[in-house]
Each structure stands twice: as structure tokens, then as C-alpha cells.
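Read through the structure below, which is laid out as C-alpha cells, and then see the notes.
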Amino acid sequence: MEDDLPTVSVRLWRADAIVLFDWLMSTDLDSVPVTHPAQKQALADLLSRLEFAADADVTGVTAEDIAAAQSEVARDMGW
């Protein structure tokens, strides 16, 4: 049962969660370069967690919310 598996908690800035959720929703995971199938599965698991995490609140965002989050995350990147 999945609830019996060891877990870790990761705190994300909400803007990061929005950017990751949007990217994962629009990405063909079959085209993402991986060196092991578990990497693709971990990305799919992350998408699922973001989608159903009430505190993430990323599923109802608008295109404007996504653009704002992308700007926030990209600000001061230096590259």
C-alpha cells in the first residue's frame, strides 16, 4: 500500500509549483530524456502530487497566473 511507503516533505514556493505543474501538464514525458524509467515515473508522481495537493492549489490557475509565476521564478536567475 502506498501509504506504507517512506515519504519526504518538500516545501516549494507556490510560483515554482505552478511552473512545474504547467510544464509537467504540457510535456510529453515519453520525450523527456531519462537514464532510467524510474525518472519518468518520479516526474509523473510529482505531477500527481501537485495536482492533488490542496496546499499547492495549482490546478485552477489561469494563463495570467502561469505567466506571473514564470516571471517570478525567472527573476534574478542570472542566466
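Numbering starts at 1 and runs along the sequence shown. Hydrogens, waters and symmetry mates are skipped; everything else that's a heavy atom, side chains included, is used.
- Checked by atom type and distance alone, the side chain of Gln41 never pairs as donor or acceptor with a backbone atom of Pro37 at under 3.5 Å.
- Looking only at distances, no side-chain donor or acceptor of Ser48 sits under 3.5 Å from a matching main-chain atom of Ala44.
- Looking at Leu47 and Leu20, their side chains never come closer than 4.5 Å, going by heavy atoms from C-beta outward.
- Leu46 and Ile18 fall within the same hydrophobic cluster, defined by Ile, Leu, Val, Met, Phe, Trp and Tyr side-chain heavy atoms under 4.5 Å apart, directly or through other members.
- Closest non-hydrogen pair, Ala69 versus Ala15, comes out as CB-O, 3.7 Å.
- To the nearest 0.5 angstrom, Thr7 atom OG1 is 9.5 Å from Arg49 atom CZ.
- With values rounded to the nearest 0.5 angstrom, Asp22 atom CG is found 11.5 Å from Leu50 atom CG.
- Considering every non-hydrogen atom in both Val34 and Lys40, the closest pair reads CG1-N, 4.0 Å.
- Under the 4.5 Å side-chain contact rule for hydrophobic residues, Met25 and Val61 share a cluster.
- Panel note: side chain Arg14, backbone Asp57; a donor-acceptor pair is recorded below 3.5 Å.
- Note that the CZ atom of Phe21 and the CD1 atom of Ile66 stand 8.5 Å from one another [nearest 0.5 Å].
- Leu43 CG to Leu29 CG: the interatomic distance, rounded to the nearest 0.5 Å, is 6.0 Å.
- Both Leu24 and Val58 are part of a single hydrophobic cluster, where members link through side-chain heavy atoms under 4.5 Å apart.
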